[in-house]
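Note that the coordinates shown come from a computational prediction; the quantities given were computed from them, not determined experimentally.
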Amino acid sequence: MKHNLKDTTFILAVRLDSIQRLENVWVVTTQLCKYFDTHVILAEIDGQCNGVLKAILPKKVKYVFIEDKDNIFHRTKYFNQITAEIETPIVALWDADVVIDKKAILEAADQIRTNHADIAYPYNGVFLETSEIMRKFYLKTKDIRVLYRNRNKLDYLYNRPMAGGAVFVDRLKYVHAGMENEKHYGWGNDDFDRYYRFVALGYKIHRTDVPLFHLCHPRGDNSKFRSNLFGQLSSYERAKIENSSADEIMI
């Protein structure tokens with residue numbers, strides 16, 4: 001029996017740059033559709049559509065192709081574009097490479113549904129990175145207990161608490177907060193930017209005390225800062241939001 005998440009829309013936006021990422025997208029969307037009666041929108045952003053991703057996705061997933069010949073993946077822009085078309089009261093901003101316990105997903109959605117939170121992270125801020133061997137084993141078994149049993153063997157993907165990857169938001173509050181900051185052009189600090197805006201606006205934030213598992217993949221140009229200049233611009237924008245008041249953010 002699937003869990004009822006009809007009031008939630010999961011948004012994923014991807015640019016495929018490796019076979020590993022293609023496999024990750026497939027298993028992440030497959031698991032969402034297996035356990036939940038929900039809405040999943042996946043936007044593939046690329047210069048041309050080869051039809052491969054669309055062909056392997058679960059039928060429940062709403063696939064959208066957006067042509068963009070820019071080699072920089074402007075994810076913030078596309079999250080905003082998709083969100084503008086969503087009508088469900090809860091939006092889940094989802095990374096194409098993350099795996100989370102279904103109980104944590106249900107808890108996060110319920111926190112927003114019951115007005116106990118405006119923003120709910122179904123993990124405690126910890127990203128654990130799988131090895132390639134562990135990733136393949138998970139793809140084969142699709143059993144998250146495998147990852148939990150081996151969590152002490154996994155590395156931290158980042159050395160600080162994270163604020164992205166999997167985020168449940170009250171849609172109206174998210175829109176009120178300005179959604180994604182499109183000044184983050186390409187890989188950058190957009191997740192922290194969003195978090196600091198939520199904090200400044202006094203939103204109720206919930207975290208579930210479990211880790212998030214990140215399925216490894218080669219890190220191409222869209223998984224890192226393109227240059228020192230890009231890094232500086234993104235960091236400046238994040239710092240500006242972090243030090244802004246609610247009134248300054250809403251200008």
Please walk me through it: do N150 and K153 pass side-chain hydrogen bond (donor to acceptor under 3.5 Å, both in side chains)? CA-CA 5 Å; N150 292 277; K153 302 174 185 176; 3.2 Å; yes
Pair Y158-E129, side-chain donor/acceptor within less than 3.5 Å: no
When I11 is tested against each of T83, V167, V40 for side-chain contact (heavy atoms from CB on, under 4.5 Å), which residue passes? T83
In sequence, state the C-alpha distance, the side-chain angles, and the governing distance for Y63 and L42, and then conclude on side-chain contact (heavy atoms from CB on, under 4.5 Å). CA-CA 5 Å; Y63 171 87; L42 187 144; 4.1 Å; yes
Looking just at side-chain N and O atoms, do T208 and E107 make a donor-acceptor pair shorter than 3.5 Å? yes
Quick one: do D70 and R15 make a salt bridge, cutoff under 4.0 Å? no
Any donor-acceptor pair under 3.5 Å linking the side-chain atoms of H217 with those of E23? no
Residue pair F137, L147: steps toward the side-chain contact (heavy atoms from CB on, under 4.5 Å) verdict: CA-CA 9 Å; F137 194 48; L147 301 181; over 6 Å; no
Report yes or no: is the cationic atom of R160 (NZ for Lys, CZ for Arg) closer than 6.0 Å to the six-membered ring centre of F127, at no more than 45° off its axis? no
Let's go through Y148 and F213 carefully: what are the C-alpha distance in whole Å and the side-chain angles of both, what is the deciding distance for ring pair (Phe, Tyr, Trp, His ring centres under 6.0 Å) to 0.1 Å, and is it a yes or a no? CA-CA 9 Å; Y148 276 106; F213 297 99; 5.1 Å; yes
Lys/Arg cation over aromatic Y196: R194, 6.0 Å, 45° cone: no
Answer yes or no on whether K2 is positioned over the face of Y35, meaning its NZ or CZ is under 6.0 Å from the six-membered ring centre and within 45° of the axis. no
